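This one's a predicted model, so the numbers in the text were calculated from it and none came from an experiment.
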Amino acid sequence: MAQDPQPDGAQQFASDNYSGICPEAWAAMEAANRGHAPAYGEDPWTQRAADAFRALFEIPCEVFFAFNGTAANALALAALCQSYHSVICADSAHVETDECGAPEFFSNGSKLLTVRTEGGKLTPEAVRGLAANRSDIHFPRPRVVTVTQPTETGQVYSLAELRALSATCRELGLALHMDGARFANACASLGCTPADMTWRAGVDVLCFGGTKNGMHAGEAVVFFDSKLAEDFGYRCKQAGQLASKMRFLAAPWVGMIESGAWLTNGAHGNACARRFAEAVSGLPGVRALFPVEANAVFLAMPGAMMEGLRARGWRFYTFIGGGARFMFAWDARPERVDALAADLRTLAAAAA
Ligand SMILES: *Cc1c(COP(=O)(O)O)cnc(C)c1O
């Protein structure tokens, strides 16, 4: 017997991964499920998805589909590095804090070099400081810079910031990788085209997140320089990332990109984050830890208030910076956002 769906009231903002599959992705998977198709990416859906990326990015890029962001990031970075190279990232970068050493593992030892940052944003000065500090044989040679757009705390690099970083990378002989697990949120936030935020700003390789954007699973690795993609298919296969029924990783992208849902989903999450941040701004004892530029809101508050929220059934994480993190996905319901804000307002009033 089919399980009842979760009652509506159970919607949580602990993670954008708590959400389900959006209608556009679901419909494309259903369409892909009609009949047989060739395996291992030789099917029409995979071709159509790759073409959709090329149209979206306005460039003949090379596109690969991985199961998750850890694999996409690790394999993309490995493709840019030799084992004696290093990758410059923010100290709060997902590749450093949440991928269990996958980038080092899949690159056979390329070391991550972390930089202490504000809001997870790298700067040209920080990159230069690390990359130009040592050039001797004893230090793992810097080869790549990876930026997270938006950052893990929801800050968005402006196009000018990205261009300045890529200029520094060019000058120092570094490649620029973008972890775009929430790429759509950043694009919606800046109101720019995907091309402007990537290759036109000097990004060489992008990991474009589908899961948090409303798919069941899947991230696309997009190479804007086809030379960098050489043999990448073998790397994916060896790492267990070549799906035999590839059409089910590819079809949802067709649904997302051709309908524009990728962008409206991102914009909706951002709007709900703003709605929540505005509703709780100025509450006694509650303080926003970071500017709200994408779909994340981080709030510092007394422990008793956090307990109060949990007692009222709200779930949230505090693993980044100790504040309560709220993430708003493609399906965040405004009434539910308001209910969370109302509970917080009640708790703040009682504590004041
Ligand atoms: C969610 C996320 C990823 C991907 O994580 P997986 O669990 O491996 O899919 C990568 N980078 C960032 C910044 C993320 O938030």
Side-chain angles (χ1 to χ4, degrees), residues 5-6 8 11-13 15-34 43-59 61 63-69 72 149-150 154 156 178-198 206-222 243 246-275 293-296 327-337:
Q6 279 218 312
D8 239 13
Q11 186 173 86
Q12 294 285 346
F13 305 114
S15 168
D16 23 12
N17 280 335
Y18 279 33
S19 66
I21 303 167
C22 71
E24 294 82 0
W26 185 261
M29 290 188 57
E30 199 164 52
N33 197 34
R34 293 184 200 132
D43 63 284
W45 285 99
T46 302
Q47 181 65 43
R48 191 167 151 195
D51 287 342
F53 273 95
R54 289 187 266 270
L56 183 67
F57 283 94
E58 309 170 57
I59 197 172
C61 46
V63 187
F64 298 83
F65 302 105
F67 287 102
N68 68 14
Q149 174 76 328
V156 179
M178 178 179 280
D179 175 351
R182 299 185 180 91
F183 184 83
N185 299 96
C187 241
S189 177
L190 290 182
C192 67
T193 67
D196 284 341
M197 209 169 76
T198 55
L206 165 71
C207 294
F208 188 142
T211 314
K212 287 171 182 145
N213 197 201
M215 288 168 41
H216 70 302
E219 318 276 302
V221 184
V222 184
M246 183 66 93
R247 64 190 185 281
F248 297 108
L249 279 190
W253 283 114
V254 172
M256 300 287 280
I257 295 176
E258 290 186 357
S259 69
W262 72 277
L263 188 59
T264 48
N265 284 356
H268 177 79
N270 294 355
C272 287
R274 272 197 312 277
R275 181 186 184 104
E293 297 171 0
N295 67 328
M327 303 297 307
F328 300 89
W330 66 272
D331 65 343
R333 290 170 45 236
E335 315 86 80
R336 189 71 178 148
V337 176

Distance-minimising heavy-atom pair for [X] and [Y]:
X      : Y      : value
Val221 : Ala72  : CG2-CB, 3.7 Å
Phe65  : Ala250 : CE1-CB, 4.3 Å
Ser259 : Ala261 : OG-N, 3.0 Å
Ala243 : Phe67  : CB-CZ, 3.7 Å

Donor-acceptor contact present, side-chain [X] to main-chain [Y], <3.5 Å:
X      : Y      : answer
His216 : Thr211 : no
Ser189 : Ala294 : no
Asn295 : Ala273 : no
Glu293 : Val156 : yes
Asn265 : Asn213 : yes
Arg247 : Asp43  : no

Rounded to the nearest 0.5 Å, how far apart are CD of Gln149 and CE of Met178?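 Here the rounded value is 4.5 Å.
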Rounded to the nearest 0.5 Å, how far apart are CD of Glu219 and CG of Asp179? 8.0 Å
Review item, side-chain donor-acceptor pairs of residues 49-56, under 3.5 Å, at least two apart:
{"from": "Asp51", "atom 1": "OD1", "to": "Gln47", "atom 2": "NE2", "distance (Å)": "3.4"}
{"from": "Asp51", "atom 1": "OD1", "to": "Arg54", "atom 2": "NE", "distance (Å)": "3.4"}
{"from": "Asp51", "atom 1": "OD1", "to": "Arg54", "atom 2": "NH2", "distance (Å)": "3.1"}
{"from": "Asp51", "atom 1": "OD2", "to": "Gln47", "atom 2": "NE2", "distance (Å)": "3.4"}
{"from": "Arg54", "atom 1": "NH1", "to": "Cys61", "atom 2": "O", "distance (Å)": "2.9"}

Do [X] and [Y] have side chains that approach each other closer than 4.5 Å (heavy atoms only, starting at C-beta)?
X      : Y      : answer
Phe208 : Trp262 : yes
Glu24  : Pro252 : no
Phe64  : Cys207 : no
Phe13  : Met327 : no

Donor + acceptor pair across side chains of Asn185, Asn270 (<3.5 Å):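 Yes.
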For [X], salt bridge (charged side-chain N to carboxylate O under 4.0 Å, His left out) partners two or more places apart:
X      : result
Glu58  : Arg200
Arg182 : Asp16
Arg275 : Asp338

Let me see the working for Met256 and Cys22 under side-chain contact (heavy atoms from CB on, under 4.5 Å), right down to the final yes or no. CA-CA 9 Å; Met256 300 287 280; Cys22 71; 3.4 Å; yes
Go through the steps to decide whether Gln12 and Tyr18 satisfy the test side-chain contact (heavy atoms from CB on, under 4.5 Å), and finish with yes or no. CA-CA 7 Å; Gln12 294 285 346; Tyr18 279 33; 3.8 Å; yes
What's the verdict on side-chain contact (heavy atoms from CB on, under 4.5 Å) for Met197 and Leu190, showing C-alpha distance, side-chain angles and the deciding distance? CA-CA 9 Å; Met197 209 169 76; Leu190 290 182; 3.7 Å; yes
Results of side-chain contact (heavy atoms from CB on, under 4.5 Å) for Asn68 - residues two or more places apart only: Thr70, Ala71
Partners meeting side-chain hydrogen bond (donor to acceptor under 3.5 Å, both in side chains) with Trp253 (sequence neighbours left out): none
For the residue pair Phe57 and Phe183, categorise the inter-ring angle as parallel (less than 30°), tilted (30 to 60°) or perpendicular (more than 60°). tilted
